[in-house]
Amino acid sequence: MKLKIAVLPGDGIGPEIMNVALDVLKAVCEKYNHELEYKTALVGACAIDATGNPYPEETHQLCMESDAVLFGATGSPKYDNDPTAKVRPEQGLLAMRKRLGLYANIRPVTTFKSLVKKSPLRTDLIDGADFMCIRELTGGMYFGRPQGRSEDGKTAYDTCVYSTYEIERIVRLAYEFALKRRKKVTVVDKANVLATSRLWRQVSKEIAKDYPDVTTEFLFVDNAAMRIIQWPKDFDVLVTENMFGDILTDEGSVITGSLGMLPSASIGEHTSVFEPIHGSWPQAAGKDIANPLATVLSAAMMLEYAFNLKDEALLIREAVEASLSAKFVTGDIAEQGEPSYKTSEVGKWLVDYVSKH
Ligand code: IPM
Ligand code: MN
């Protein structure tokens with residue numbers, strides 16, 4: 001099979017973790033006789049520096065022409081510390097999501113046996129937790145207009161907007177996933193306060209009727225935030241709007257053991273994008289210390305979701321599990337008193353595993 005992918009390393013640690021993911025992909029393709037064809041393009045702060053645009057037209061064209069996009073990370077302190085900056089790196093990611101129509105962001109939260117001890121949460125509570133967050137990605141406060149400042153600059157506003165259509169397509173997707181899993185959907189909203197949330201609840205209740213075999217639960221987001229860390233094993237498929245999903249999935253990473261472990265898939269109308277959920281960790285850029293596993297696991301999701309290559313994806317996941325068991329890991333997940341390894345060393349270990357298994 002020919003895999004035509006767009007590679008967008010982005011900013012900060014993006015290029016380093018992407019190199020590892022690409023090496024692992026190459027090894028898998030070699031083993032299974034797939035032809036990997038990839039082209040690299042700019043996005044985020046590096047794209048602003050080179051072109052003035054965080055999501056250049058050239059990058060968009062490449063994404064549109066590819067079968068899948070592998071994305072590294074975006075963000076730079078240069079812009080974080082300047083609230084008046086007119087163009088921001090994150091706008092590149094948002095523009096990409098909007099223009100590719102990526103309305104569903106799928107973030108699996110699972111535990112790895114060898115990492116449960118790394119979580120600050122009690123082992124008996126999290127061991128075996130396995131749920132899927134489905135975050136709406138092209139609506140809500142991220143994209144609602146008007147957004148901005150009053151003329152005197154002393155008031156700022158964001159607008160949260162959702163249409164029935166936007167809610168319906170994502171909630172349906174959540175039910176479809178639940179059918180293939182443990183058949184439970186948790187709809188997270190703030191229906192006691194927000195009008196958009198009340199529409200979410202109303203639409204979800206209608207859709208629930210089409211899935212009688214699936215149990216539906218509604219939770220307010222504040223309550224959900226608590227239950228996720230208290231009883232993570234209660235969740236199967238969690239579906240929610242853009243901003244709530246952003247926050248709850250960072251929280252979910254605590255269950256996994258490190259933010260450096262969570263992959264994601266963004267799917268929708270055009271080419272799907274696969275990316276780690278973490279940021280660009282600028283302080284670590286160029287130091288070869290970042291955990292590449294979230295990006296490697298995102299590459300596995302890409303093989304499964306975009307190309308239906310399940311064995312290949314499984315081999316990558318096995319390699320990751322094996323590296324954890326062998327304690328061949330970066331500093332963020334190394335046990336106290338145990339050695340830690342560089343990003344590139346972990347990469348070599350994974351490639352070696354893939355080639356030998
Ligand atoms: C994420 C990130 C992005 C988001 C940022 C970088 C714009 O935090 O993918 O979760 O908020 O969606
Ligand atoms: Mn986030």
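For ligands, and for the atoms within them, numbers begin at 1 and follow the listed sequence. Values reported hereafter were calculated over all heavy atoms of this structure, with side chains retained and with hydrogens, waters and symmetry mates removed. We count residues from 1, following the sequence as given.
Regarding atom 11 (O) of ligand 1, its nearest protein heavy-atom neighbour is Tyr142 OH, 2.5 Å. Annotation: atom 2 (C) of ligand 1 to nearest protein heavy atom, Asp246 OD1, 4.1 Å.
Side-chain contact between Ile106 and Ser264 is absent, with no heavy atoms from C-beta onward closer than 4.5 Å.
Each of Lys113, Lys117, Arg122 was scored for a side chain to side chain donor-acceptor pair (under 3.5 Å) with Asp127, with one residue passing: Lys113.
Counting only distance, with no hydrogens or angles, the side chain of Thr111 and the backbone of Thr256 share no donor-acceptor pair below 3.5 Å.
A cation-pi geometry, defined here as NZ or CZ lying under 6.0 Å from the six-membered ring centre and within 45° of its normal, does not hold between Arg107 and Phe274. A cation-pi arrangement, defined by a distance under 6.0 Å to the six-membered ring centre and an angle within 45 degrees of its axis, is present between Lys180 and Phe177.
Under 2.8 Å from the Mn ion (ligand 2) lies an N/O/S atom of Asp246, whether from backbone or side chain.
On a distance-only criterion, Arg107 and ligand 1 share at least one N/O pair closer than 3.5 Å.
Counting heavy atoms under 4.0 Å from ligand 1, residue Arg88 does not touch it at all.
Ligand 1 has at least one atom lying under 4.0 Å from a heavy atom of Arg135. For the pair Gln91 and ligand 1, no heavy-atom separation below 4.0 Å is found.
For the residues Met243, Arg97, Glu90, His278, the heavy atom positioned nearest atom 9 (O) of ligand 1 is part of Arg97.
A salt bridge does not link Lys4 with Asp67: none of the charged nitrogens is closer than 4.0 Å to a carboxylate oxygen.
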